[in-house]
J.: 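Before I ask anything, let me first share the structure, which is written out below as structure tokens.
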Amino acid sequence: MDFLAGLNDRQREAVLHTEGPLLIMAGAGSGKTRVVTHKIAYLIEEKNVYPGNILAITFTNKAANEMKTRVADLLNTEVDHMWMGTFHSICVRILRRNIDKLGYEKSFTIYDRDDQKTVIKECIKEVNVDKDMYKESYLISRISSLKDEQMDPDEFINMNYNDFRERNIGEIYGLYQKKLKAYNALDFDDLLIRAVELLEEDSDLLDYYQKKFQYIFVDEYQDTNKIQYKLVRLLSAWHKNICVVGDSDQSIYSWRGADITNILNFEKDFPGAKVILLEQNYRSTQSILNVANSVIKNNDSRKDKKLWTDNKEGDQVIYEQCEYSDEEAFFVAKRIHEFLYKGYKPSDVAILYRTNVQSRIFEEIFMTEELPYKIVGGLKFYDRKEVKDLIAYLNFIENPNDNVSLKRIINTPKRGIGNATIEKIEKYAAETADSMYGVILSIEDVPGLNTRAINSIKPFVELMNRFMAMKEIMGIKDFIEAVIEHSGYIEELERENTIESKTRIDNIKDFLSVALNFEQKNEDANMDDFLASISLLSDVDKTVDTDNMITMMTVHSAKGLEFPIVFLVGMEDGLFPISRAFENDDDLEEERRLCYVAVTRAEQQLIITNAKKRTIYGNTSFTISSRFLDEMGDTIVRNEKKIVKLKKHDDTGLKERLLDVFDYDESRFIAPKAKVKNNSNMDIEVGTKVKHKKWGIGTIVMIKARDDGDKELTIAFDNEGLKKLLQSIAPIQIV
DNA sequence: ATTTGTTCTTGTCGG
DNA sequence: AAGAACAAAT
């Protein structure tokens, strides 16, 4: 197979340049994924490189999977041995094998933000500082950036010895790390740091990985931080075949430590590096690129370059200023109806905003407008209480030192173990330098506990011990099922018997199918791998992309994605660019790059909106148009079309306001008529009661999205039991 | 110990 | 405006 076919000269050059450091400066939509996949395929096929000697680091797991599939498609060979994943997942993989050399157990737990918060709270209590003076979120971010700089707590305390406040932060930082170690847990930063530490300390191991990874690829290199840079340097030092891909104009993560100098200094850091520029854009129309170019050129600290395209001019980029923020959402909904009528699919459309709070109003309007949508980073399945509880069970059973998880589950479901009891256990554990689990194993030794407390603890300990034994002989899914059942978790929910508890049960069942799915895909994986895989999912990874829906997400989440139609909403000063960026030129330039990223997501049509008055966080205020709109100048045109549909039932007063804003033009309105014929837009959810002409009344107990956009409904009929139906064709009505 | 009611806080972006 | 943290009542 010819891996060079269909590539332009620059892209071809990038594929063929296999030896030595290579920086591919790839503008938005310039086909970098194509280059990388073809290059990997070329290496395997033409240069006979064994896939296991290739390491590719991507920004999300989804991107990694896509890349893997694309390479596999090009080759028709097995590429499973290729290492592909995010920095974090690669590091976990390294750590799972050898972290014992750093004094951790291999079954370590990965702590998410909530877990971090729990630990920080413990620290604040123990360091005995005024808890109002140190906010948890602030401490977490401070600690995170200290870690990124590889500053250890003692060093930090020494440096700031005369600053009371900083010194305390250092103390908390130190205690936090000590606790994580004791709990055998790592937070996201630790995953990277410990991996680097491990490689630095164990020269045999470093040697092994350096020799193993003959070819290394790093995507989105402009958003790597110091530790990640260090890791890349370490791993590539032997073969020196390091290929990084990035675009300094798309660097948007400086606030979490991304260091733009990594990409700017690549040639200096990796001697003999070759640089290839990809400036031809294959994604967007000329109109859209004009907007992108005219914004980004206002950044002072950038190498001048210009994206160009052979694509046609395309439709003009439209800008609409609405009166109110809810009208903005309404306007977008109208335009989407129009696009759908023209034959676009809902999945062709994306709505991009600067902050997550903006999604709410779109959600409301889209529900009444019967538009199918999904929110990336919004509906957080893995953040649901029941899912987190379950994960905490698994974490604890896997790693009994994990006090954070233990505290979460010890009285969930209710076992009569109250706060007072838990605190006594915690205190005793701290005094005896034991884990809480160690303490409750011999609960009689704990001072100050009454018999009632002791009698509630004992069955819990027995239960956990039983789980720990069961885990050894059971498969992942079966084991989770056992935990759900024997822990009494599902019983408690069933007893509750409310709509809410039913959804929770459904979520638990969904979690089971996630586990089953994982088990089938990764035959020799264990519980550790499963837990790690779910804790490392990004927001993008978490949203199913199979169903045919409009996507709503932040601009940050949209990085690397593309859509035929993009709505960029909320273009107001203070919102985008965000007000905190006003004071600082660097921050403002990052906002501008973010805007550049947003604009370049669009393939065919870009529509930009804002509102004169916006209700946010409960109060309404006047807004100022975004300065970026000024910079766009005449590359955007004011919207001329005024289309609006009168809502059938409108008691919000929105209709009257809309009549002021839009000229009502019924003839141009296109209603979503399709739904009359099938049920695709039917407003259903778990718990909805429906009537079937043969089976009578039933309740929807499960909704499963299918690849073709349809939904598979499991309905419990009163007399017929469970039935599975396709939403589009099922003869059902909402009762 | 648990439920219920009340006040307080928070409010960019994320693996 | 909404969720978390806290206080009070059962």
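Throughout, a chain's letter reflects where its sequence line sits, starting with A, and its residues are numbered from 1.
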J.: Over 60° means perpendicular and under 30° means parallel, so classify the ring planes of A:Phe59 and A:Tyr253, tilted if in between.
T.: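 Correct class here is tilted.
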J.: Looking at every heavy atom in both A:Asp190 and A:Asp187, which two are closest together, and how far apart are they?
T.: N-OD1, 2.8 Å
J.: Can you name the closest pair of heavy atoms from A:Cys91 and A:Ala195 and give their distance?
T.: SG-CB, 3.6 Å
J.: For B:dT12, give its Watson-Crick or G-U wobble partner with both distances under 3.5 Å, or none.
T.: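 Checking every strand shown, B:dT12 finds no partner, since no pair has both distances under 3.5 Å.
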J.: Taking the cut-offs as 6.0 angstrom to the six-membered ring centre and 45 degrees off its axis, would you call A:Arg113 and A:Phe188 a cation-pi pair?
T.: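 That pair does not qualify as a cation-pi contact.
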J.: Could you check if a side-chain atom of A:Ile193 sits within less than 4.5 angstrom of a side-chain atom of A:Glu197, using non-hydrogen atoms only?
T.: yes
J.: Reading DNA chain C in the 5' to 3' direction, which nucleotide is the first one with an atom under 4.0 Å from a heavy atom of chain A, and which is the last?
T.: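 Going 5' to 3' along DNA chain C, contacts run C:dA1 to C:dC6.
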J.: Please report the distance, rounded to the nearest Å, between CZ in A:Arg415 and C1' in B:dT2.
T.: 16 Å
J.: Decide if atom CZ of A:Arg165 counts as having more than 12 heavy atoms of other residues, nucleotides or ligands within a radius under 6.0 Å.
T.: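 Count over threshold, so yes.
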J.: Does the side chain of A:Phe213 reach to within under 4.5 Å of the side chain of A:Trp83, using non-hydrogen atoms?
T.: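 Answer yes - side chains close enough.
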J.: For a quick test of reading the model, state the closest non-hydrogen atom pair linking A:Asn403 to A:Tyr111 and the distance between them.
T.: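 Smallest heavy-atom distance, with atoms named: N-OH, 4.3 Å.
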J.: Can you build the contact string for nucleotides 5-15 of chain B? Use B for base contact, S for sugar-phosphate-only contact, and - for no protein heavy atom under 4.0 Å.
T.: -----SBBBBB
J.: How is A:Thr58 classified with respect to the nucleic acid when contacts are heavy atoms under 4.0 Å: base, sugar-phosphate, or nothing?
T.: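 Touches nothing.
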